[in-house]
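These notes are about the structure you will find just below.
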Amino acid sequence: MDKTRGGPTYANLTRVIKIVKQVFFAGNGASGDNEDGEEKKQEAKKDKTQAIASILLSNAGEYKRLLEFFCQEVPKLILKLCSVAEKVPKEGQTFDLKKIYGHLSSKQQLLLKTYSANFNKLLSQTLEEGADSSFISEFLVSGPAVAQCCLPYGLYRKKLAGNCAKICAQYSKMSESAQMLSQQIVRSLLMWFMQQSGTAKKDATLFEFTIKRFYNDFTLESKSGGGGFQVQDRIRVAQNCFVDLLGLDLPTGYQMGFLYIRQLCLHLRGIRNNLTKDGVKNIYSWQFYNCIKLWVLAVTEHQSELSLLIHPLVQLGIGAVRLSNNPKYFPFHVKIVQLLTLINEKTKQFVPIAQYLLYPFDPATDFLNGKPKQLLQDKAIPDTLVSLKYAKKHAETADVKDRVIREVIEELTIYYAANSRLISFPEAVVPIGVVLRKFKKNTHNGNYRKIVAAFLDLLKKNEDFIIQKRTQMREKAIKNLTAMLQSFESYFAPDERTPLEKERDNIIKRRSEYYKNKIQAVSK
């Protein structure tokens with residue numbers, strides 16, 4: 001390896017690849033590359049190569065050194081030998097593959113192709129065997145260089161993009177570093193290939209394949225990976241990587257988003273038309289929730305290009321909440337309301353969802369006013385962030401009821417804070433005021449009465465705040481309603497906060513600190 005590192009040649013680089021094949025693919029049949037003719041020419045060296053391979057197999061330290069050298073240094077040495085400059089593609093640049101790779105000799109082309117074939121085979125084999133994420137990270141350190149080696153060959157760039165998308169999507173098995181390194185490779189590969197001159201059809205093909213592979217692997221992972229504290233950070237890394245890759249080709253991303261959201265809507269409609277206990281479990285699952293969240297994050301990040309997906313997403317979320325109003329599914333309902341609130345806040349499009357959080361206050365169910373039917377046997381009520389429903393032994397306890405009313409009020413505060421600058425705010429909160437005042441009057445629980453009264457006072461403060469802003473308006477002609485609404489924002493100072501926004505900031509800060517401590521405790 002030292003000799004190859006000091007002066008890379010076609011012969012010693014080919015020899016390294018042969019040793020790798022002997023060590024890592026022993027007993028696996030053909031290597032998958034097209035170097036049969038080259039092997040015949042070097043038949044005399046075969047015994048020596050096998051001897052080196054047997055030594056490496058008996059020495060774990062040498063085994064690891066070979067893997068690191070093959071994955072991290074060999075691609076750079078091959079590019080150096082082929083006089084191909086290492087580059088990280090930038091947005092806006094265009095490339096011509098013929099100019100970059102057109103000068104290569106047949107031996108150099110064979111070397112690139114052989115390395116690409118064996119690297120992809122080794123990575124695929126490692127993923128199939130379920131290797132540790134730290135081991136997989138060794139493959140990804142020199143990602144952009146590997147991408148440049150695979151770039152001229154359609155089969156191998158497709159395999160590389162698919163494998164790296166799978167690594168990034170498997171949040172419960174991979175570390176954050178492995179996810180980020182794999183995303184860097186996919187992004188480099190897509191940008192290198194998509195920014196060629198005159199390859200529009202091929203661009204869309206590779207992009208669609210990568211996004212489909214990412215989404216499908218993420219969907220499968222969500223079915224078994226769950227959403228516990230130990231994977232929360234890695235779930236968000238996977239989601240952010242997907243949103244970032246989708247932004248590379250938003251017209252194609254919109255078409256794919258429309259198709260996948262439509263599939264979710266059709267699935268939900270099928271469950272509603274034949275409602276069963278298993279059907280409800282199928283919808284109220286991590287798989288369904290994570291898929292919705294993935295597209296909500298994409299829409300809020302790329303608002304202008306994906307704005308037409310907002311309406312079907314909102315309808316999907318509302319349909320999921322309305323599937324069952326059983327209080328045991330309250331954690332799932334809260335999660336969906338949080339996503340719809342995020343759409344409301346980021347896109348500035350009003351989403352009427354407050355009523356879907358009010359079912360615990362319904363006197364017909366008597367959920368909050370009824371006496372607890374059970375005593376809490378343990379303290380293991382999971383946090384809403386990492387749960388989808390309450391267990392049967394928890395659902396009718398006083399502790400769960402206390403949590404429900406507290407979290408309903410917090411979510412309503414966050415939701416109305418997103419709409420607290422609307423000129424119509426005083427009128428918008430009339431219905432919820434009626435429901436909550438009725439509950440306050442009839443409830444026998446003093447703590448619940450205080451919580452609801454405090455929230456109603458907060459709404460009243462925000463009403464008075466907006467009414468005071470209304471009095472400052474000069475133009476109040478309804479005939480020019482659009483101009484009037486747009487001008488209303490100008491009456492707020494740049495750093496001015498509404499009463500609801502101040503309380504929302506306190507809630508989010510308190511939650512962030514609590515969940516940060518919980519995630520750190522679980523990680524330790």
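Predicted model only: the values in this text are computed from it and were never measured. These numbers come from the heavy atoms of this one structure, side chains and all, not from hydrogens, waters or symmetry mates.
- For the pair E345 and R504, the salt-bridge criterion is met [side-chain N within less than 4.0 Å of a carboxylate O].
- The nearest pair of heavy atoms linking Y284 to V321 is OH-O, 3.4 Å.
- Between D464 and K460, at least one side-chain nitrogen of the basic residue sits less than 4.0 Å from a carboxylate oxygen of the acidic one, meeting the salt-bridge criterion.
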Original post:
Would I381 and Y390 count as a side-chain contact (heavy atoms from CB on, under 4.5 Å) if you check the C-alpha gap in whole Å, the side-chain angles of each, and the deciding distance to 0.1 Å?
Top reply: CA-CA 8 Å; I381 302 178; Y390 294 127; 4.2 Å; yes
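- For N462 against S420, the heavy-atom pair with the smallest separation is ND2-O, 3.1 Å.
- Salt bridge present: R470 and E427 bring a charged side-chain N and a carboxylate O closer than 4.0 Å.
- Salt-bridge annotation for E503 and R497: absent, with no side-chain N of the basic residue lying under 4.0 Å from a carboxylate O of the acidic one.
- Taking all atoms of both residues into account, the shortest heavy-atom contact from I271 to V280 is CG2-N, 4.3 Å.
- The shortest distance between side-chain heavy atoms of V146 and Y156 does not fall below 4.5 Å.
- Of the charged side-chain nitrogens involved, at least one lies within less than 4.0 Å of a carboxylate oxygen, so that D217 and R213 count as a salt-bridged pair.
- Rounded to the nearest 0.5 angstrom, H394 NE2 and S387 OG are separated by 10.5 Å.
- More than 12 heavy-atom neighbours from other residues, nucleotides or ligands sit within 6.0 angstrom of NZ on K335.
- Of the inter-residue distances, the one linking T126 atom OG1 with I136 atom CD1 reads 6.5 Å to the nearest 0.5 angstrom.
- Residues C241 and M180 share a closest heavy-atom pair of SG-SD, 4.4 Å.
- Between E176 and Q179 there is a side-chain heavy-atom pair separated by less than 4.5 Å.
- A side-chain N or O of D402 and one of Y448 form a donor-acceptor pair less than 3.5 Å apart.
- E501 and R421 are joined by a salt bridge, as a carboxylate oxygen and a charged side-chain nitrogen come within less than 4.0 angstrom of each other.
- For the atom pair OG (S142) and CD (Q148), the distance works out to 11.5 Å, reported to the nearest 0.5 Å.
- In this structure, L458 and P499 have side chains that are in contact, with non-hydrogen atoms separated by less than 4.5 Å.
- Between W295 and Y215, the angle of the ring planes lies from 30° to 60°, which puts this pair in the tilted group.
- Considering only heavy atoms from C-beta on, V435 stays 4.5 Å or farther from D362 through its side chain.
- Taking all atoms of both residues into account, the shortest heavy-atom contact from G253 to L246 is CA-CD1, 3.7 Å.
- Ring pair Y515/F229 is tilted by interplanar angle, where 30° to 60° counts as tilted.
- To the nearest 0.5 Å, the span separating OG on S133 from NZ on K173 amounts to 11.5 Å.
- Taking each heavy atom of A238 and Y171 in turn, the nearest pair found is CB-CB, 4.5 Å.
- When only modelled atom types and interatomic distance are considered, R236 and N240 share a side-chain donor-acceptor pair under 3.5 Å.
- Ring geometry, F455 versus Y416: the interplanar angle falls from 30° to 60°, so the pair is classed tilted.
- In this structure, L140 CG and I185 CD1 are separated by 4.5 Å, a value rounded to the nearest 0.5 Å.
- Crowding of R322 atom CZ: a count of heavy atoms from other residues, nucleotides or ligands under 6.0 Å not exceeding 12.
- Crowding of K158 atom NZ: a count of heavy atoms from other residues, nucleotides or ligands under 6.0 Å not exceeding 12.
- Side-chain rings of Y359 and H333 approach one another, their centers coming within less than 6.0 Å.
- Taking the six-membered ring where the residue is Trp, F492 and F488 present perpendicular rings, their angle passing 60° and hence far from 30°.
- Comment: K469 does not engage E463 in a salt bridge, judged by the lack of any side-chain N to carboxylate O separation of less than 4.0 angstrom.
- Between P144 and Q184 the shortest side-chain heavy-atom distance falls below 4.5 Å.
- Atom CZ of F218 is separated from atom CD1 of I235 by 6.5 Å, given to the nearest 0.5 angstrom.
- Looking at heavy atoms from C-beta onward, T347 lies out of side-chain contact with S307 at the 4.5 angstrom threshold.
- With a 6.0 Å radius and a threshold of 12 heavy atoms from other residues, nucleotides or ligands, F258 has its CZ atom at or below the threshold.
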